[in-house]
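Note that the structure is a prediction, hence the values are computed from the model and not measured. Below, chain A is the first sequence line, B the second, and so on; all start at residue 1.
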2 protein chains.
Amino acid sequence: MTQQRGEETQARILRAAAECFMREGYDATGVAEICTRAGVSKGAFYHHFPTKQAAFLVLFERWLQGLEASLQVIHTSGRTAPQRLEGLAAMAEQVLEQANGQAPMFVEFWRQATKNPDMWQATIEPYRRFRTAFAALINEGVAEQTLRPVDPNLAAQVLVALGVGLILQGVLDPGGAEWRGAAGQAIRLLLDGLAADDNG
Amino acid sequence: MTQQRGEETQARILRAAAECFMREGYDATGVAEICTRAGVSKGAFYHHFPTKQAAFLVLFERWLQGLEASLQVIHTSGRTAPQRLEGLAAMAEQVLEQANGQAPMFVEFWRQATKNPDMWQATIEPYRRFRTAFAALINEGVAEQTLRPVDPNLAAQVLVALGVGLILQGVLDPGGAEWRGAAGQAIRLLLDGLAADDNG
DNA sequence: ATAATCAAACCGACCGGTCGGTCTGATTGT
DNA sequence: ACAATCAGACCGACCGGTCGGTTTGATTAT
């Protein structure tokens with residue numbers, strides 16, 4: 001099939017682009033480098049993407065979709081809020097584990113979001129959705145009295161910050177400390193602080 | 001004084017460079033742009049710095065020195081470990097507040113550290129010193145039985161991740177939420193989780 | 001069956017413009 | 001006078017993006 005070949009080429013380009021962006025960053029990687037790594041000509045690249053930034057944005061949106069998918073799981077992972085947050089901790093291990101390879105891209109996304117308005121809007125909206133979802137979850141726990149009476153928005157902010165910070169530690173120091181499983185434990189440690197006293 | 005004029009020029013260049021790097025990132029800012037913003041010629045720039053990267057590295061090292069100075073304060077801010085960590089929370093507010101302006105540079109430093117070996121070594125060493133210092137602090141608290149018997153290294157990792165994550169949230173969403181004072185509260189929230197039950 | 005046709009995929013030479021860095025001659029303070 | 005300092009023209013390399021032309025493979029007409 002003709003179409004199939006095109007899709008494969010596009011996939012190769014995206015894969016190569018991701019590798020380059022991770023290694024060198026967005027600005028420092030040339031389209032030519034991406035093409036070489038993809039085994040494809042420059043013309044092919046611009047046949048599939050109108051611009052270098054367009055390719056980057058596709059990668060970004062796919063990454064966001066992956067996160068969104070993970071977010072869905074939280075709401076179905078337990079009866080009480082602490083149980084669901086526990087599920088979140090387990091999920092975090094997976095997400096961080098999987099993010100390990102793509103993590104430099106994460107920093108690149110973050111940086112681009114702070115200077116490209118389009119990218120910023122694309123980032124901030126799911127980011128706030130995350131925080132809101134966490135806050136709702138925590139709020140339930142407070143209502144159930146299974147969590148301490150904390151400010152849900154604040155606690156959610158702390159959770160997100162913790163996740164972001166752990167990812168960045170993984171980026172900077174991949175081999176340093178056993179941070180892989182530690183991520184889940186870290187969240188559980190935080191949850192101990194959140195939990196009402198009569199919880200384990 | 002001739003020398004003094006030169007130092008002032010150098011300072012203006014560094015200030016301009018920092019602004020540009022924050023706005024556009026390292027790769028995207030040209031030396032010419034830095035010079036224009038500094039009100040200085042290209043010749044002046046290359047009189048003071050052999051290379052664009054050299055200027056960036058000076059900024060980086062100064063930033064690290066600032067962090068190191070902050071770190072010193074922790075050891076003299078209270079008698080018991082919880083008190084000192086409380087002092088840390090207060091300090092964090094200041095640091096994050098002050099980092100608010102320089103925060104995009106933080107992301108830039110992080111990114112460069114992941115691809116430039118020299119920069120990585122310059123980063124990872126003080127980073128680990130931070131974690132070790134936190135861990136020691138927490139360990140004291142555990143020995144005093146003023147903190148729960150947690151893994152000090154893990155808890156320190158969480159603290160650092162939290163700080164890093166909060167900075168990044170500030171970068172991405174400067175106006176979103178009242179994250180300024182929230183940073184200190186967040187750390188206190190975490191400390192509530194760390195504290196032994198007989199502490200306030 | 002096979003020649004003709006077509007649209008999409010692909011190639012790589014090429015363009016205007018920008019980059020980091022150099023160089024020369026003028027200006028400054030002493 | 002003279003050493004330190006600066007301005008900005010200038011250089012080769014390289015960038016993102018364009019374009020005319022070629023290849024590919026499915027479809028149609030005969």
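At a threshold of 4.0 angstrom between heavy atoms, the contacts of A/His47 include nucleobase atoms, whether or not backbone atoms are also involved.
Shown here are the side chain to side chain contact (heavy atoms under 4.5 Å, CB included) partners of A/Phe45, two or more places apart in sequence or in another chain: A/Ile13, A/Val31, A/Ile34, A/Cys35, A/Phe49, A/Ala55. Among residues two or more places apart in sequence or in another chain, the side chain to side chain contact (heavy atoms under 4.5 Å, CB included) test is passed with B/His47 by none. For B/Ile124, the side chain to side chain contact (heavy atoms under 4.5 Å, CB included) partners two or more places apart in sequence, or in a different chain, are A/Leu172, A/Asp173, B/Trp120, B/Tyr127, B/Arg128.
As rounded to whole Å, 14 Å separates atom P of D/dT5 from atom CZ of B/Phe49. Straight-line distance from the CD1 atom of A/Ile13 to the P atom of C/dA9: 11 Å, rounded to whole Å.
Note: A/Trp110 and A/Phe106 have tilted aromatic rings, judged against thresholds of 30 and 60 degrees for the angle between ring planes.
Within the structure, every pair that satisfies the salt bridge (Lys or Arg N to Asp or Glu O under 4.0 Å) test and touches residues 10-19 of chain B, not counting sequence neighbours, is listed here: B/Glu19-B/Arg37.
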Nucleotide by nucleotide, 5' to 3', does protein get under 4.0 Å of the base (B), only the sugar-phosphate (S), or neither (-) in nucleotides 11-21 of chain C, counting heavy atoms?
BB-------BB
N/O donor-acceptor pairs under 3.5 Å from side chains in residues 22-29 of chain B, not counting sequence neighbours:
from    : atom 1 : to       : atom 2 : distance (Å)
B/Arg23 : NH2    : B/Glu33  : OE2    : 3.1
B/Tyr26 : OH     : B/Gln53  : N      : 3.2
B/Asp27 : OD2    : B/Arg111 : NH2    : 3.2
B/Thr29 : OG1    : B/Gly25  : O      : 3.4
B/Thr29 : OG1    : B/Tyr26  : O      : 3.2

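For the OP1/OP2 pair of D/dT5 and a distance below 4.0 Å, the side-chain nitrogens and oxygens of B/His48 include no atom meeting the criterion.
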